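One structure is given below, encoded as structure tokens.
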Amino acid sequence: MRLQRSAASGQLLCSLSLLFASTLAAQTPGIAEKTRPMRKLDGFVPVYWDSTGGKVFLELNPGRELLYVVSLPAGIGSNDIGLDRSQLGGERIVRFDRVGPKVLMVQPNLRYRAEQTDNPAERRAVEESFASSALWGFKVEAESDGRVLVDATEFALRDGYGVIPALARARQGTWRLDPARSAVYLPSTKAFPRNTELEVTLTFSGDQPGSWVREVTPTPEAITVRQRHSFIELPGPGYSPRAFDPRAGYFDFTYADYAAPFPEPVTRRFITRHRLEKRDPSAAVSDPVEPIVYYLDPGVPEPVRKALLDGARWWNQAFEAAGYRNAFRIELLPDGADPMDVRYNMIQWIHRATRGWSYGSSVTDPRTGEIIKGHVSLGSLRVRQDFLLAEGLLSPYAEGTERSPEAEAMALARIRQLSAHEVGHTLGLAHNYIASTQGRASVMDYPHPHIRLASDGRIDLSDAYLEGIGAWDKVAITWGYQDFPEGTDEKSALDRILTEARGRGLTFLTDQDARPPGSAHPGAHLWDNASDPAAELSRMMEVRRVALSRFGENTIRRGMPLATLEEALVPLYLHHRYQVEAAVKLVGGVAYTYALRGDGQEPPQPVPAPVQRKALDAVLATLQAKELALPTHVLKVLPPRPSGYEATRELFDRETGLVFDAVQPATSAADLVTSLVFDETRAARLVQQRALDPSLPGLEDVIDRVLGAVFAPSPANAYHAEIDRAVQRVVVERLMDLAIEAGMPQVRAIAAYQLDQLR
């Protein structure tokens with residue numbers, strides 16, 4: 001009887017559902033009827049604009065999956081806040097599920113899958129084990145032939161990008177979205193065959209805006225930006241994911257496949273890259289089926305525009321090395337084209353109130369890792385900063401009215417390299433920070449200008465930056481994009497590419513191995529040069545001495561306030577800072593590779609003791625007063641800053657009021673050096689390496705050498721004596737930090753003992 005009642009109940013529920021659906025359909029108008037007075041933008045997701053009500057509607061196909069991206073076409077202009085023009089948000093696959101009078105915008109959970117099975121129950125078990133995310137709920141306004149019309153006004157006019165959280169993270173006050181000052185931005189609301197772009201103007205109001213907001217907004221209590229909602233067709237079949245290899249230099253794309261055969265690992269790793277195929281995979285050199293084409297922002301002025309085009313085109317050299325002909329192109333964005341359109345890989349020119357980073361990002365298919373759109377953002381002040389560096393090195397203005405072709409050439413050479421670097425990220429490549437020790441083998445390293453002294457003592461900038469793609473870059477593109485003939489053992493072929501590169505001295509190490517604190521590899525660092533970091537530091541100090549000896553009025557143009565010399569002085573005085581970081585990494589350093597079992601690479605090795613001691617000597621030499629003291633002629637020429645030229649964070653701190661502080665630069669440089677030497681992870685490695693091999697320096701040895709270097713000198717004059725005292729104070733304070741805050745108890749004990757002995 002219970003079974004009969006259950007069946008009857010089911011039939012009743014089914015009848016009620018059918019009755020409700022038919023009633024709803026009778027009450028819901030057709031799409032054509034509902035939208036008759038509206039303006040239609042037909043495309044991938046049709047858009048309807050109701051000008052009378054100021055509303056926007058979307059026509060959806062329930063059940064269809066697509067890619068959803070929120071971006072920021074018009075930003076705030078502050079590097080510190082980080083909300084730049086044309087900044088991309090994260091991509092998400094979504095589908096629209098019809099549930100009675102509602103449509104739910106649902107993001108499936110692709111981090112956990114069941115790919116390697118045909119069993120629907122096994123797939124359902126994974127889907128139901130991990131949460132999905134319903135991102136929005138729409139009300140059905142009309143329907144026709146299975147398609148539904150929804151009012152997307154409230155959905156669009158929200159802070160989908162996360163401007164308010166970004167302002168909060170930057171501590172720029174408390175902000176709220178003001179609907180009365182927000183609206184659909186019709187000029188950039190467009191529908192194309194493969195994507196639909198819905199753009200809005202949003203205004204955020206705040207009562208106590210922070211200093212960075214005040215710096216860039218005309219009325220700081222109101223921040224108006226534009227956000228864009230992009231609905232993008234997912235790529236079709238035919239893309240073959242390539243398995244990730246940590247030795248190859250690509251970003252990884254990772255998810256868990258719970259249908260992986262036991263005992264294979266659940267985690268699956270692939271690389272991100274564009275789709276590229278040879279027309280003839282059996283040919284050594286072939287044209288592509290479709291080339292990769294990038295477009296440059298036409299808002300870039302000359303001569304920077306040409307430099308950016310030239311640098312980005314270097315990548316064609318790498319694709320040629322991989323066996324492609326005409327596979328990579330750079331063109332100027334056509335008139336009328338939208339840079340946020342998914343069909344255009346873009347290189348955009350970004351302005352900010354202060355200089356900041358450039359970066360390469362992309363829109364990627366979350367299912368496969370295929371890059372759909374590469375998007376490069378280049379900070380416009382980069383070229384001016386490099387020109388300033390060159391001015392400080394050359395002091396080129398004897399008359400004060402002439403140009404400096406050498407400085408201009410160096411700045412443009414850097415811009416070519418920057419363009420290539422950021423495009424490389426959008427091709428899927430990660431930083432390779434060991435390349436500078438391997439003959440400047442990759443544009444994916446951060447390049448410090450290689451400045452030489454000519455035989456006549458002149459500063460030579462001609463080799464500041466290399467021209468063209470690097471040897472490692474050709475290896476990486478060949479590994480990631482090579483289209484192998486049918487029947488090739490792909491894994492073996494890819495292994496051979498990396499093995500042959502290693503035989504030529506070309507390897508890969510990335511951010512985790514290079515960025516202080518905590519990094520330990522002696523060859524991987526940012527903004528360094530040469531295979532011998534200590535010797536390069538000594539050479540760089542000589543270049544710095546020569547440039548400082550010539551620094552003065554000739555560094556700036558006629559008519560500029562003499563106080564503005566400090567803008568060029570700061571980067572010149574600290575010209576050696578990154579090479580110091582590179583040399584310090586030899587102390588307690590460990591050489592290693594991303595070795596795989598059976599690939600023949602050597603195990604990790606500590607840096608030999610003589611090399612560590614030589615590096616420490618080179619670093620401590622930078623703490624001598626004769627290196628830190630500014631030349632007398634420089635101090636005599638620097639006046640207080642005039643009205644209208646207020647101090648900025650690009651200048652040295654000072655304790656002397658308006659007057660230039662002659663000791664503070666030495667304090668800043670000494671603190672930079674000492675904080676690196678007394679980094680707590682380095683200190684722990686020194687304790688460990690001495691315990692494992694007594695021939696290697698220990699923490700006590702390093703502290704003794706530092707104290708001996710900074711407390712032993714006999715100053716040449718009173719100025720040098722003040723610098724010595726400033727350096728001594730910095731060293732003691734950093735040693736105190738080590739004694740109090742270091743994680744390893746042995747480090748704290750050794751530092752405390754050394755302080756007691758010093759007292």
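What's counted below: heavy atoms across the whole structure, side chains too, no hydrogens, waters or symmetry copies. Computed from a predicted structure; not experimentally measured.
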Self-check item: Short side-chain to backbone donor-acceptor contact, Asp386 and Ile415, under 3.5 Å
Solution: no
Quiz item: Would you call Phe508 and Met444 a side-chain contact if the rule is heavy atoms closer than 4.5 Å?
Solution: no
Quiz item: His425 pairs by ring pair (Phe, Tyr, Trp, His ring centres under 6.0 Å) with which of Tyr359, Trp357, Trp315, Phe251?
Solution: Phe251
Quiz item: Parallel, tilted or perpendicular: which fits the ring planes of Tyr592 and Tyr594, with parallel below 30° and perpendicular above 60°?
Solution: tilted
Self-check item: Gln601 atom CD: more than 12 heavy-atom contacts under 6.0 Å
Solution: yes
Practice problem: Output yes when a side-chain donor or acceptor of Arg748 lies under 3.5 Å from a complementary backbone atom of Gly743, and no otherwise. | Solution: yes
Quiz item: Is the backbone of Ala662 close enough, under 3.5 Å, to the side chain of Tyr719 for a donor and an acceptor to pair up by distance?
Solution: yes
Quiz prompt | Heavy-atom donor-acceptor pair, Asp460 side chain to Ala454 backbone, under 3.5 Å | solution = no
Identify all side-chain donor-acceptor contacts of residues 726-734 below 3.5 Å with residues at least two apart in sequence or on another chain.
| residue | atom | partner | partner atom | Å |
| --- | --- | --- | --- | --- |
| Gln728 | NE2 | Val710 | O | 3.0 |
| Arg729 | NE | Glu733 | OE2 | 2.6 |
| Arg729 | NH2 | Glu733 | OE2 | 3.2 |
| Arg734 | NE | Asp671 | OD1 | 2.9 |
| Arg734 | NH2 | Asp671 | OD1 | 3.2 |
| Arg734 | NH2 | Asp671 | OD2 | 3.0 |

Exercise. Please identify each residue that fulfils side chain to side chain donor-acceptor pair (under 3.5 Å) with Arg171, with sequence neighbours left out.
Key: none
Quiz prompt | Set of side chain to side chain contact (heavy atoms under 4.5 Å, CB included) partners for Asp617, sequence neighbours left out | solution = Arg705
Exercise. Kindly say whether Leu676 contributes a backbone atom to a donor-acceptor pair with the side chain of Arg682 at under 3.5 angstrom?
Key: yes
Practice problem: Specify whether Trp527 and Tyr446 have parallel, tilted or perpendicular ring planes, treating 30° as the upper limit for parallel and 60° as the lower limit for perpendicular. | Solution: tilted
